[in-house]
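For reference, the structure discussed in these notes is given below.
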Amino acid sequence: MQRARAAVILAAGQGTRMRSPTPKVLHKVGGRTMLDRAIDACEALGCARIVVVVGAHSPQVGAHVRARLGDAAVAIQDPPLGTAHAVLAAKASLEGFEGDVVVAYADTPLTDADVFAPLFALREKGADLAILGFDAVDPGPYGRLILGKDGALERIVEAKDATPEELAISFCNSGLLAADRAALFAWLSQVGCANAKGEYYLTDIVAVARSAQRAVRAAKVAETKVMGVNSQAELADAERIFQQGRRAEFLAAGVAMAAPDTVHFAYDTEVAAGAVIEPHVVFGLGAKIGRATLRAFSHIEGANVADGAVIGPYARLRPGAEIGEDAHIGNFVEVKAATIGRGAKANHLAYLGDGAVGEGANIGAGVIFCNYDGFQKSRTEVGARAFVGSNSALVAPVRIGDGAYVGSGSVIVKDVPPDALALGRAVQTEKLGWATRFRQAMAGRRKP
Ligand code: UD1
Ligand code: CA
């Protein structure tokens with residue numbers, strides 16, 4: 001039977017190199033905060049308890065964790081005295097927990113639950129402490145993993161404390177680890193701070209565990225999975241790698257993209273096999289796309305698009321847009337909180353906000369659902385097979401009956417019965433010969 005699992009997520013760093021008023025771990029990758037991504041991974045691991053260690057300097061981070069996981073999930077580290085000290089801040093929260101603890105980081109946004117698998121494999125094979133390493137392209141400031149002849153992990157040396165020979169090692173510490181809860185906190189209590197930075201290093205538990213005759217092993221993962229974000233440039237790198245991953249997943253799942261590098265997904269975007277996505281389509285949060293065609297330069301957020309629908313080019317679907325089967329939403333059409341029925345069309349320059357368009361209805365160019373009076377929003381309902389002429393303003397609340405026509409240029413302020421024609425515009429008059437008389441009167445005058 002799998003041992004119970006808990007997680008300690010470190011998030012108490014200052015993140016000063018982000019140079020941002022937003023705390024580092026609340027920056028987003030794929031539209032989700034790095035902190036939430038770390039929590040997602042720990043939840044997916046089946047962690048019965050998750051404790052996030054936050055600094056006293058960023059109340060916003062504590063509030064974010066409380067809102068998602070409750071008060072018991074927050075441990076404050078004040079002041080921050082190093083990574084070992086940070087994990088110790090979670091000790092009281094995990095008192096009495098029987099099982100394994102993983103240490104994770106709120107600034108490694110590409111770490112998903114699968115990344116932890118080798119740690120648990122090592123634990124099952126008898127390792128008391130399992131640590132995840134990676135071969136660094138540029139080992140620079142990372143801690144180096146020093147292996148013994150038997151392949152066991154002997155110790156971790158921080159770059160600042162390393163000899164030139166040790167610095168030449170490219171097998172580096174990701175920081176992710178797993179151990180029994182009681183053993184981990186016992187080792188941590190023996191860690192000192194006699195090092196270059198004068199901090200309590202989590203990495204020192206390797207030597208502590210070894211001197212207690214415990215088995216310490218390291219496993220290897222891809223560097224991209226454990227890369228840390230410390231600056232805006234690294235955040236952009238993480239986003240790029242995340243996007244590449246999502247594009248590859250969708251291509252493999254049968255979504256056609258002629259220029260995948262130009263398509264931007266969110267972490268929760270869903271697209272069905274057989275969908276076609278043209279270049280430069282951008283997804284915000286909460287898009288669910290069926291076997292539809294999304295034409296170039298469309299922006300889609302919080303919207304459902306059914307099979308056979310055609311969106312764009314240059315369309316904008318906002319939260320609550322429900323686009324039915326075979327419906328067409330064309331260029332410069334914005335849909336918000338509105339249901340568009342099967343086969344309905346709004347092909348040019350329209351705003352359809354707060355309402356419903358029935359099956360097979362036709363919305364002409366330039367139609368506006370006037371949904372807002374400066375205080376409240378109201379709904380516009382267009383019935384099945386209705387035809388709304390170009391440049392009409394439908395002043396909500398209003399209902400156009402099934403099969404009705406609205407003449408072009410109308411301002412519709414009252415409900416239109418089914419199958420009626422509504423004209424809400426000035427009656428046209430013609431003045432015969434007027435133009436001729438005008439020109440004669442103006443003859444001899446210079447045009448400005
Ligand atoms: C740490 C590791 C290093 C590893 C690297 C991987 C130690 C001593 N070193 O170095 O071996 O290669 O991560 O990225 O563990 N934090 C706190 N409280 C503190 C200090 C840090 O919560 O008092 C948090 C930070 O917010 C961050 C994480 O712990 O999320 C790592 O701290 P950081 O100072 O970035 O460690 P590194 O020097 O990168
Ligand atoms: Ca770091």
Side-chain angles (χ1 to χ4, degrees), residues 7-18 23-27 33-35 37-39 41-42 51-58 61-62 65 74-91 93 102-111 115 129 131-146 153 155-162 166-167 169-177 184 187-188 191-208 218 220-221 223-231 234-235 237-238:
V8 175
I9 300 174
L10 302 192
Q14 299 262 17
T16 46
R17 280 173 289 168
M18 297 299 285
K24 173 166 83 172
V25 299
L26 298 184
H27 284 73
T33 68
M34 296 197 282
L35 175 58
R37 295 179 62 82
I39 296 171
C42 294
V51 180
V52 183
V53 178
V54 307
H57 52 82
S58 49
V61 176
V65 176
V74 177
I76 309 277
Q77 184 200 17
D78 183 26
L81 300 176
T83 46
H85 182 255
V87 179
L88 270 175
K91 184 178 177 184
S93 312
V102 294
V103 174
Y105 299 81
D107 63 352
T108 61
L110 303 177
T111 301
V115 175
L129 171 58
I131 293 208
L132 215 48
F134 60 98
D135 278 321
V137 176
D138 176 15
Y142 289 118
R144 307 299 202 272
L145 299 184
I146 315 287
L153 182 60
R155 63 202 166 85
I156 303 177
V157 56
E158 288 303 291
K160 283 203 170 133
D161 303 297
E166 288 166 341
L167 285 176
I169 295 170
S170 62
F171 191 29
C172 291
N173 177 30
S174 73
L176 301 173
L177 59 83
L184 175 67
W187 299 328
L188 283 168
V191 168
C193 60
N195 52 54
K197 281 168 99 177
E199 286 187 358
Y200 294 87
Y201 286 168
L202 176 57
T203 46
D204 284 352
I205 61 169
V206 173
V208 173
K220 197 174 283 191
V221 285
E223 181 169 7
T224 50
K225 289 291 188 180
V226 291
M227 72 166 283
V229 167
N230 299 303
S231 62
E234 286 169 356
L235 181 67
D237 277 344

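Indexing begins at 1, ligand by ligand and atom by atom, following the structure's order.
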Are [X] and [Y] close enough that some pair of their side-chain heavy atoms sits under 4.5 Å apart?
| X | Y | result |
| --- | --- | --- |
| V54 | Q77 | no |
| P139 | R144 | yes |
| L177 | L184 | yes |
| K160 | E199 | no |

*Side-chain (T33) to main-chain (L26) donor-acceptor, under 3.5 angstrom*: no
Show me which atoms of ligand 1 lie under 4.0 Å from any heavy atom of [X].
| X | value |
| --- | --- |
| L10 | 22 (O), 24 (C), 29 (O), 30 (O) |
| A86 | 17 (C), 18 (N), 22 (O) |
| P80 | 19 (C), 23 (O) |
| E158 | 2 (C), 3 (C), 7 (C), 8 (C), 9 (N), 10 (O), 11 (O) |
| A12 | 17 (C), 18 (N), 22 (O), 26 (O) |

*asked:* Using a 6.0 Å distance limit plus a 45 degree cone around the ring axis, check whether K225 lies over the aromatic ring of F134.
replied: no
Quick check: [X] and ligand 1, any N/O pair under 3.5 Å apart?
| X | answer |
| --- | --- |
| G82 | yes |
| T203 | no |
| G143 | yes |

What part of [X], side chain, backbone, both or neither, has a heavy atom within less than 4.0 angstrom of ligand 1?
| X | answer |
| --- | --- |
| E199 | neither |
| N173 | both |
| A106 | neither |

Closer than 4.0 angstrom: is that true for some heavy atom of [X] and an atom of ligand 1?
| X | answer |
| --- | --- |
| G175 | no |
| L81 | yes |
| Q77 | yes |
| G228 | no |

*asked:* Considering D161, T83, L177 one by one, which has a heavy atom nearer to atom 7 (C) of ligand 1 than any of the others?
replied: T83
*For atom 8 (C) of ligand 1, which of Y201, Y105, F134, Y142 has the closest heavy atom?*
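Looking at heavy atoms only, the winner is Y201.
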*Pairing of K24 and E234 as salt bridge, 4.0 angstrom limit*: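 Salt bridge flag = no for E234 with K24.
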*Taking every non-hydrogen atom, the tightest pair across D204 and G192*: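 Shortest heavy-atom separation between D204 and G192 comes out as OD2-O, 4.2 Å.
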*Where P109 and R37 come nearest, the two heavy atoms and their spacing*: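 For P109 and R37, the tightest heavy-atom pair comes out as O-NE, 2.8 Å.
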*Decide if atom OH of Y200 counts as having more than 12 heavy atoms of other residues, nucleotides or ligands within a radius under 6.0 Å.*
no
